[in-house]
Amino acid sequence: MKVDVLLGLQWGDEGKGKVVDVLTPRYDIVARFQGGPNAGHTLEFEGKKYVLRSIPSGIFQDGQLNLIGNGVVLDPVLFQEEAEALEASGVDIKKVLKISKKVHLILPTHRLLDAASERNKGGAKIGTTGKGIGPAYTDKVSRNGLRVGDTLLPDFREKYAAACARHLKQLAMLDAADIDIALLEERWLKAIDYLKQFDIVDGEYFINNSLEKGKKVLCEGAQGTMLDVDYGSYPYVTSSNTVTAGACTGLGVAPNKIGDVYGIFKAYCTRVGSGPFPTELHDETGRTIRDLGHEYGAVTGRERRCGWIDLVALRYAIMINGVTRLIMMKSDVLDGFDTIKACVAYKIDGKETRDFPYSIDEVTVEPVYRSLPGWKTPMNEMKNESEFPAAFNDYIKFLESELNIPISIVSIGPDREQTIIRSL
Ligand code: GDP
Ligand code: IMO
Ligand code: MG
């Protein structure tokens with residue numbers, strides 16, 4: 001068997017959580033492969049709303065197993081809060097969740113380092129989620145990290161103390177030394193004891209043995225391609241590989257074991273935090289999209305910046321990820337618009353290009369737009385593709401011809417039920 005991958009093609013918050021939940025009944029295992037509690041994946045069903053941070057979005061469906069894969073960075077305190085809330089709502093989480101031993105831990109001092117680094121960057125700050133993501137991945141790559149498997153070893157406390165001492169020195173260099181971490185540390189160590197109650201596994205064996213037994217696996221991405229540390233709008237990115245290749249390194253799955261790649265995008269575009277965003281709208285239209293789409297961060301509550309769909313960036317993301325099927329989200333937000341715009345090319349120094357440039361930060365990018373007529377029909381209640389208005393079908397046809405991949409799923413509202421599967 002091969003794994004399928006579902007990931008974001010824009011700057012995150014495309015609606016990954018919702019669609020993973022919808023697709024889970026077709027799979028046996030859902031596995032997160034990167035990111036950490038910077039993610040906020042929203043699911044809505046039966047009138048209730050849940051936001052998942054580190055736990056895969058397959059957790060609410062019956063019978064599937066979920067894995068937090070080795071590419072993830074885990075904050076034990078936030079994990080405990082998330083897991084206990086799920087337990088309280090009736091999910092038998094200890095039975096259905098496994099955690100890879102090679103997952104790296106976010107320490108309390110990683111969060112302090114994240115904050116200090118942002119303060120020191122001043123106007124050039126990334127606008128991180130403040131969850132310690134960058135410092136935790138930095139420790140991983142510089143071979144200083146602590147992993148979930150270490151919590152089971154007798155010298156864990158010493159390893160923790162050494163990492164903490166090193167971080168305190170770094171904080172002193174960043175003028176952030178005046179910190180009493182005793183309370184934070186006590187809470188964190190309690191959360192480590194909680195974490196140890198879970199099934200801590202060799203994630204790479206778990207996934208590969210499951211594939212050998214014919215189990216179907218869906219890999220759930222966090223963030224989005226334009227936030228990828230290698231291919232996103234660097235340096236305004238997160239610190240992991242959010243692209244399909246990240247599923248290989250983040251789960252121990254070989255490249256020839258990748259099956260379908262579901263690329264998910266909004267019918268418009270959003271971004272939260274700093275960094276370039278060529279199609280951003282600073283006007284009334286941008287504010288209308290934000291209001292209608294409730295575009296506020298699921299984790300931080302920050303306003304999301306809004307703009308028109310960017311097909312240059314999307315084509316780039318499709319190429320890097322090897323997308324085989326597209327999923328379009330939140331088209332209902334545009335239901336009332338007379339005209340909808342799509343950026344089909346960039347104009348840079350007077351020259352038009354359909355390619356994504358080295359940097360969209362250093363150059364002035366002028367989006368070249370195509371205007372399309374709006375469908376002016378509420379779509380939230382539709383149950384079948386046959387009900388789609390003609391102008392909406394034209395919009396889909398236009399996107400498919402620009403992107404060269406079929407749109408397999410259209411989402412027309414936040415609820416599980418508001419999902420139209422065109423072909424799968
Ligand atoms: P994720 O991080 O990719 O899982 O996405 P988020 O959960 O951060 O943001 C997506 C937001 O849009 C959430 O509030 C969802 O409930 C909501 N949402 C998802 N799909 C749709 C849709 O098709 N229409 C509307 N109106 N809202 C949606
Ligand atoms: P989901 O999985 C949207 C953004 C932050 C910031 C940059 C770096 O819900 O789509 P970090 O804390 O990772 O160091 O922040 O990345 N960012 C996200 N934006 N959705 C996310 O996750 C994000 N995770 C990080 O706003 O610009
Ligand atoms: Mg989100």
Side-chain angles (χ1 to χ4, degrees), residues 6-22 32-45 48-54 56-57 72-73 75 106 110-111 113-115 117-118 125-138 220-229 232-240 242 264-277 289 291-305 327-335 378-380 382 409-420:
L6 185 146
L7 42 74
L9 298 180
Q10 297 165 319
W11 275 283
D13 301 329
E14 295 90 349
K16 299 173 289 294
K18 174 191 158 159
V19 177
V20 169
D21 171 59
V22 168
R32 269 278 302 269
F33 58 88
Q34 44 69 234
N38 48 350
H41 295 178
T42 315
L43 284 70
E44 280 190 46
F45 54 90
K48 291 206 185 91
K49 179 170 162 171
Y50 302 87
V51 179
L52 296 170
R53 316 279 296 274
S54 303
S57 302
V72 172
V73 285
D75 181 328
I106 301 179
H110 283 140
R111 293 180 70 150
L113 282 165
D114 193 356
S117 161
E118 285 284 86
K125 71 174 183 178
I126 312 285
T128 72
T129 57
K131 298 292 178 277
I133 304 295
Y137 277 115
T138 301
E220 174 181 6
Q223 291 78 55
T225 304
M226 302 317 290
L227 289 169
D228 180 88
V229 67
S233 49
Y234 193 88
Y236 298 100
V237 292
T238 190
S239 300
S240 64
T242 61
I264 175 165
F265 66 98
K266 286 180 191 171
Y268 48 93
C269 199
T270 63
R271 167 160 213 173
V272 58
S274 324
F277 179 4
I289 294 177
D291 289 347
L292 293 174
H294 306 291
E295 294 296 355
Y296 297 90
V299 174
T300 55
R302 287 182 293 177
E303 276 189 357
R304 293 180 185 147
R305 299 151 65 191
I327 302 178
M328 179 163 73
M329 310 299 290
K330 302 190 89 159
S331 54
D332 54 294
V333 172
L334 305 179
D335 279 354
M379 289 186 59
N380 300 93
M382 291 186 180
I409 301 178
V410 174
S411 172
I412 48 170
D415 194 274
R416 220 185 235 175
E417 303 293 325
Q418 293 171 302
T419 314
I420 310 250

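All ligand and atom numbering here is 1-based and tracks the order in the structure.
Among Gly224, Gly127, Ser240, the residue whose heavy atom lies closest to atom 5 (C) of ligand 2 is Gly127. The option from Glu14, Lys49, Lys18 that lies nearest to atom 19 (C) of ligand 1, judged by heavy atoms, is Lys18. Considering only non-hydrogen atoms, atom 15 (C) of ligand 1 lies nearest to Thr42 out of Val19, Thr42, Val20. Selection from Leu227, Asn38, Thr238 by nearest heavy atom to atom 17 (N) of ligand 2 gives Leu227. Nearest residue to atom 3 (O) of ligand 1 from Arg416, Lys16, Glu295, His41 is Lys16 (criterion: closest heavy atom).
Applying the salt bridge (Lys or Arg N to Asp or Glu O under 4.0 Å) test to Lys18 and every residue at least two apart in sequence or in another chain returns nothing.
A 6.0 Å sphere centred on OH of Tyr296 holds more than 12 heavy atoms belonging to other residues, nucleotides or ligands.
One distance of note links CG of Asp415 with NZ of Lys48; it measures 12.5 Å at 0.5 Å rounding.
An N or O contact shorter than 3.5 Å links Arg304 to ligand 1 by distance. Of the polar atoms of Gly17, at least one N or O is found under 3.5 Å from an N or O of ligand 1, judged by distance alone.
Between Gly293 and ligand 1 there is no heavy-atom distance shorter than 4.0 Å. Under a 4.0 angstrom heavy-atom cut-off, Ala39 registers as lying outside contact with ligand 1. Not close to ligand 1: His294, with no non-hydrogen atom less than 4.0 angstrom away. Ligand 1 lies out of reach of Gln10, whose nearest heavy atom is not under 4.0 Å from it.
In terms of protein heavy-atom proximity, atom 17 (C) of ligand 1 is closest to Lys330 NZ, 3.9 Å.
Asp13 has its closest N, O or S atom to the Mg ion (ligand 3) at the position named OD1.
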